[in-house]
Amino acid sequence: MLLALALPAAALSAAEPVALTLDRIEVSAARLQRVAPFDVPASFDRIELDGGEAGAGVAVSEALAGVPGLAARERQNFAQDTQLSIRGFGARSTFGVRGLRLYADGIPATMPDGQGQVSHFVLAGAERVEVLRGPFSALHGNSSGGVVQIFSADGDAPTRGHLQASAGRDAARAITASLRGAGDVLGYALAASHFETDGWRDHSAARRSWLNLKLHAPLPRDGRLQLVANHFDAPGALDPLGLSWDQVQDDPRQATAVATQYRTRKSARQDQLGLRWEQPLAGGHALEAMSYGGRREIEQFLSVPVGAQGNPLSSGGVIDLDNDYGGVDLRWRWSGSLAGRALEFTAGGNADRQRQHRRGYENFVGDTLGVRGALRRDERNRVDNRDLYAQAWWQFAQRWSLLAGVRRSQLRFESSDRYITASNPDDSGRVDYAETTPVLGLIFAPAQDWRVYASAGRGFETPTFNELGYRADGGAGLAFDLAPATSRNLELGAKWRSDGGAHVEAALFRADTDDELAVARNVGGRSSYRNVGRARREGAELSATLPLAEAWSLRLAWTWLDARFRDAFPICTGAGCTDPSVLVAAGTTIPGTARRQGHLRLQWQPRDWQLALEATGSSSISVSDTGARHAPGHVLLHLQAARDWRTAHGRLRGFARLDNVFDRGHVGSVIVNEGNGRYYEPGPGRGLLLGLRWDWQARAD
């Protein structure tokens, strides 16, 4: 298919030379400043957030719906984070985000151990989201099967801002606001959001608040200093847990009985601060430095049965987790020429740390369930990484350019056990990981508006501390024998654009993994992991933006993914299981992945109106390593309408969105390898969202 796209362009351009178009658009995920996304040998999406979206503006999945290769699943469970996976990486995560690198205004939202979250991403003041897929993700280090970054807008003059309020089903209400401005010395951007809902499912009420402050100041010789502060608070979000298939059929809005019995819930709070300095120097040189730090506190009440906590090695049913984290990044950049051709070179290093205090308590006191009881776990964990990296982009010929990079990562995991009894021995230990990840990409411009590229690289993913928490044999101690998964990644792609605004991209990809991490045992509320050998993720992506006629446009994204284990391995299932006896056959689909998914948006937008029809769909999703059960596929239809009223001081926008027009029953997300067979998290039925947004701007002096 890609050759078929490229050959006509090559024929059309044979008679006249073509030069690369080097727009000055920073590609942050690829660490390039002078190269446009169109000229990068990678699958890259840049989603602009201009306030024209008809949504509540609080969930990052709203911005990611049309990105091929990416699955962003809202769980209708605000005690858990949005499920994110890219090309099958991260699909196994039952909570949070694993296998991907996440950033908010350049500050890592993925901890050094590979565990990440997007719950603190603030959409209210966001300017854009960037998504990088394929081999070049590996330049971000550990657990970089893909990269997702969100950037808040800069402050500028004249002063401007917005206020938005929306209300929807299940008493969901959201309010967002932003304020941006700049003077001669300082620019500022402040954004805040608050969201509440009674929950579509029983026992799923939640409340969330966000605050983001960005200050930036110019320095001499085009330098810049930037400070970002972020606050997130989500107290007591109720967790309805997953359902069995019979329960889904009976009542998809119900909560599992043990959810109310144990009052399952989660509270999360996070505060962080980041400082960034950029200084161009003479001769095309520049220095950049970034430092950040933060704290994330989590308290979670689980439904671990009282009987299971009789095991002397049990950690109880209440998690009390404090995470202190921080790091620094320093890089040097040079833009110049080599052999008379444009060259951009970057080299640098970063160091990150994670200090984790994990305590576990019984979730009962006497006959009272769902309360904090006796201490069952107390450990201090720490992860440190030290990385060095280098990258070069060179347009070595009129039609050809090269992007190459390498990263050396060293990580140390340490655990100090503070809960030692006669029946619970010392679980302290340490393990070191190190990996070098090279990547190389070549791009060819057969015509001014065509690009064809190929790229290859290596990547790796260490187990997170949650996956090191229990040994596969059920014994005492942490699973420090786990090896990191390593992958070899290939991508072949083509990009085309027209003067009329049409844009088409296509890519073929393959990632072969050794020492894939998968569940070994899942019993008694404890999941342990093991390396299970080889796996392969391969597929194709297609995305297009097509102007159809005056005021009409069509956007589509389609993904085909075949993700499978290539080696057979045994697993342990069922209460009291000690001997892995169930064999997962070679060729079994990796759970949490859909073979096909698609998104289509047809939009009509005359001067003051916007009407849109959206269709989203997914094929069935395997829910366990054995592949015996699946969540069925579905196609959903959504409608959207908005009307603008413009004044001398801004714009008033009213909008409405009708989701799941035909009220289709479906499974919105799955809990992979859930030990009790409660794999399914049903998606909501038909629902209406209404909102009003005021964008204003002060008069210029």
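Between the side chains of Q247 and Q249, no donor-acceptor pair of N or O atoms lies under 3.5 Å. Y292 and D352 are linked by a side-chain donor-acceptor pair at a separation below 3.5 angstrom, with hydrogens and angles left out of the test. Counting only N and O atoms by type, the side chains of T545 and H503 include no donor and acceptor under 3.5 Å apart. Between the side chains of Q610 and Q640, at least one donor N or O sits under 3.5 Å from an acceptor N or O. Between the side chains of T616 and H634, no donor-acceptor pair of N or O atoms lies under 3.5 Å. Donor-acceptor pairing under 3.5 Å is lacking for the side chains of S152 and R180.
Contact check on D271 versus R295 returns no salt bridge, with no Lys/Arg side-chain nitrogen under 4.0 Å from an Asp/Glu carboxylate oxygen. The existence of a salt bridge linking R75 and E681 is confirmed by a sub-4.0 Å separation between a basic side-chain nitrogen and an acidic carboxylate oxygen. Using a 4.0 Å cut-off between a side-chain N of Lys or Arg and a carboxylate O of Asp or Glu, R98 and D113 do not qualify as a salt bridge. A salt bridge is defined here as a Lys NZ or Arg NE, NH1 or NH2 lying under 4.0 Å from an Asp or Glu carboxylate O, and E48 with R128 fails to meet this definition. Here R372 pairs with E299 in a salt bridge; the nearest charged N to carboxylate O distance falls below 4.0 Å. Comment: E541 engages R87 in a salt bridge, judged by a side-chain N to carboxylate O separation of less than 4.0 angstrom. A salt bridge links E614 with R657: at least one charged nitrogen is closer than 4.0 Å to a carboxylate oxygen.
In this structure, the side chain of R101 does not engage the main chain of S144 through any donor-acceptor pair within 3.5 Å. Using modelled atom types, no side-chain atom of Q597 and backbone atom of G617 make a donor-acceptor pair closer than 3.5 Å. Proximity of a side-chain donor or acceptor of Q117 to a complementary backbone N or O of A109 within less than 3.5 Å is detected. With hydrogens and angles ignored, the 3.5 Å screen pairs a side-chain donor or acceptor of T647 with a backbone N or O of G650. Between the side chain of S204 and the backbone N or O of R201, at least one donor-acceptor pair lies under 3.5 Å. When atom types are taken as modelled, the side chain of N363 and the backbone of L302 share a donor-acceptor pair closer than 3.5 angstrom. Using modelled atom types, one side-chain atom of R133 and one backbone atom of P68 make a donor-acceptor pair closer than 3.5 Å. Of the possible donor and acceptor atoms, none in the side chain of H231 sits under 3.5 Å from a partner among the backbone N and O of W210. A distance-only check finds a donor-acceptor pair linking the side chain of T197 to the backbone of G199 [under 3.5 Å]. Between the side chain of T559 and the backbone N or O of G69 there is at least one donor-acceptor pair closer than 3.5 Å.
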Chi angles and distances behind the side-chain contact (heavy atoms from CB on, under 4.5 Å) call for H120, D233:
CA-CA 8 Å; H120 68 291; D233 187 33; over 6 Å; no

Audit row: H194, R208, side-chain contact (heavy atoms from CB on, under 4.5 Å) steps and yes/no
CA-CA 6 Å; H194 182 76; R208 288 183 168 188; over 6 Å; no

Evaluate the criterion side-chain contact (heavy atoms from CB on, under 4.5 Å) for residue pair Q164 and F655; output intermediate values, then yes/no.
CA-CA 11 Å; Q164 175 177 308; F655 61 87; 3.8 Å; yes

Under the criterion side-chain contact (heavy atoms from CB on, under 4.5 Å), I'd like the reasoning laid out for I298 against D320: C-alpha separation, chi angles, the key distance, then a yes or no.
CA-CA 6 Å; I298 293 176; D320 187 340; over 6 Å; no

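To the nearest 0.5 Å, the span separating CG on L636 from CG on D659 amounts to 9.0 Å. Rounding to the nearest 0.5 Å gives a distance of 11.0 Å between OH of Y325 and OG1 of T110.
A distance of 6.0 Å or more separates the ring centres of F121 and F232. Note: Y188 and H216 fail the aromatic proximity criterion, with ring centroids not under 6.0 Å apart.
Sorted by first and then second residue, the pairs that involve residues 248-267 and meet salt bridge (Lys or Arg N to Asp or Glu O under 4.0 Å), not counting sequence neighbours, are D170-R253.
When the side chain to side chain contact (heavy atoms under 4.5 Å, CB included) test is applied to T264, the partners found at least two apart in sequence or on another chain are H203, D239, L241, A259, Y262, S303.
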